[in-house]
Amino acid sequence: MMDQNPVPGQDALAPPDAAIAQRYLDEARMVATRRDRAVDRRALAWLQIANAAVTAVYLTAFAWVLESAGSLVPQVILFVFLVWIQIASGMAQRNGMQWRMTRSRWLWIAVCAVVLITSRVVFGFAVVDRSLPLFVMFLPGGLVLVALGGYGLLQLLNASRDPRPPRPARRRLPLGVRIGTMLLGAAFGVLILLLGAPDGVVASTILLLIFLLLLALMFASRSDLGLPAIGAAWRWPHVLVFAVTASALLMLVMVDAAGERPVGLGATALIGAGAVLLFVGAAFIPGRDARE
């Protein structure tokens, strides 16, 4: 039993009787129940699976692109990955993600850390030693997909009996989120356009552009223009536009790295313009209130 330390000059409080103590415990359970209702564990589980898939694709594409030595194009893949991580963080906060460290969560963190370290070692061998079989290039992404994706599936099974949260009302995207969405589309459009430019232009322009974009995202991360706020307000149509555009960008990067049938400036300009139009249209699709 915990000893009381009364305030100097005041008598110690009398311990509650059994009935009052039980009411305290019941109230604590009710608070925990209300807290759990505010957490959409299904949405967080699906987000975990999506993050595992994105990380696996990133590792595989990065290993594939690094085969073309001296190319700055891999930084485009890094930019896409960092953008998604910040958008996903906003989605996680919207769905009530909590960082309570339980014993089972510590165990999964340890397992995932071992898998990530192993995948990084395999990734290094796949990049440095090109004499290894081709399947070695896919091992890092496969390990991450199995470990992190498996954890997401386990979360999904644990949340299968949770009551479904009410469907959030659709709301017009805030002005800052709309502008941020269109700016993100413009950034993707410019990156796609530059992939068709001559190598000298790519080497200098992409490096400067990515540096400026990352710098701007760092300063805007706590505003409505920031990626976490954008992710918190997006719905599935916005995520679909991002996925289509990012996939097109990654495909062009991999074609460029392969060195066969390089994509011309006209084609990348057309695809880049399409990406910008997709994001501009998505900016006017109703989103959801991040405060719900």
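This is a predicted model, so every value here is computed, not measured. The residues of the chain are indexed from 1 along the displayed sequence.
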Path from [X] to [Y] over hydrophobic side-chain contacts below 4.5 Å:
{"X": "L47", "Y": "L156", "answer": "no"}
{"X": "I192", "Y": "L82", "answer": "yes"}
{"X": "V190", "Y": "F79", "answer": "yes"}
{"X": "I85", "Y": "V57", "answer": "yes"}
{"X": "I49", "Y": "V239", "answer": "no"}

Is any side-chain heavy atom of [X] closer than 4.5 Å to a side-chain heavy atom of [Y]?
{"X": "L157", "Y": "L153", "value": "no"}
{"X": "L184", "Y": "I87", "value": "yes"}
{"X": "F284", "Y": "L173", "value": "no"}

Checking W46 now: which residues fulfil side-chain hydrogen bond (donor to acceptor under 3.5 Å, both in side chains) with it, not counting sequence neighbours?
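None.
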
Can you give me the closest heavy-atom contact between [X] and [Y], atom names plus distance?
{"X": "A159", "Y": "R41", "result": "CB-CB, 3.6 Å"}
{"X": "Q48", "Y": "L148", "result": "NE2-O, 3.3 Å"}
{"X": "V177", "Y": "A233", "result": "CG1-CB, 4.0 Å"}
{"X": "A45", "Y": "G152", "result": "CB-O, 3.6 Å"}
{"X": "R235", "Y": "P286", "result": "NH1-O, 2.7 Å"}
{"X": "A50", "Y": "W84", "result": "CB-CZ2, 4.3 Å"}

Could you note down all residue pairs passing side chain to side chain donor-acceptor pair (under 3.5 Å) where residues 177-189 supplies at least one of them, sequence neighbours left out?
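Qualifying pairs, neighbours excluded: T181-W234.
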
Spatial distance of atom [atom1] ([X]) from atom [atom2] ([Y]) [nearest 0.5 Å]:
{"X": "I77", "Y": "L249", "atom1": "CD1", "atom2": "CG", "answer": "8.0 Å"}
{"X": "R288", "Y": "R170", "atom1": "CZ", "atom2": "CZ", "answer": "11.5 Å"}
{"X": "I179", "Y": "I230", "atom1": "CD1", "atom2": "CD1", "answer": "10.5 Å"}
{"X": "L194", "Y": "L252", "atom1": "CG", "atom2": "CG", "answer": "12.0 Å"}
{"X": "L78", "Y": "Y58", "atom1": "CG", "atom2": "OH", "answer": "4.5 Å"}
{"X": "T245", "Y": "L191", "atom1": "OG1", "atom2": "CG", "answer": "11.5 Å"}

Without placing hydrogens or testing angles, list every side-chain donor-acceptor pair under 3.5 Å for residues 272-282, not counting sequence neighbours.
none

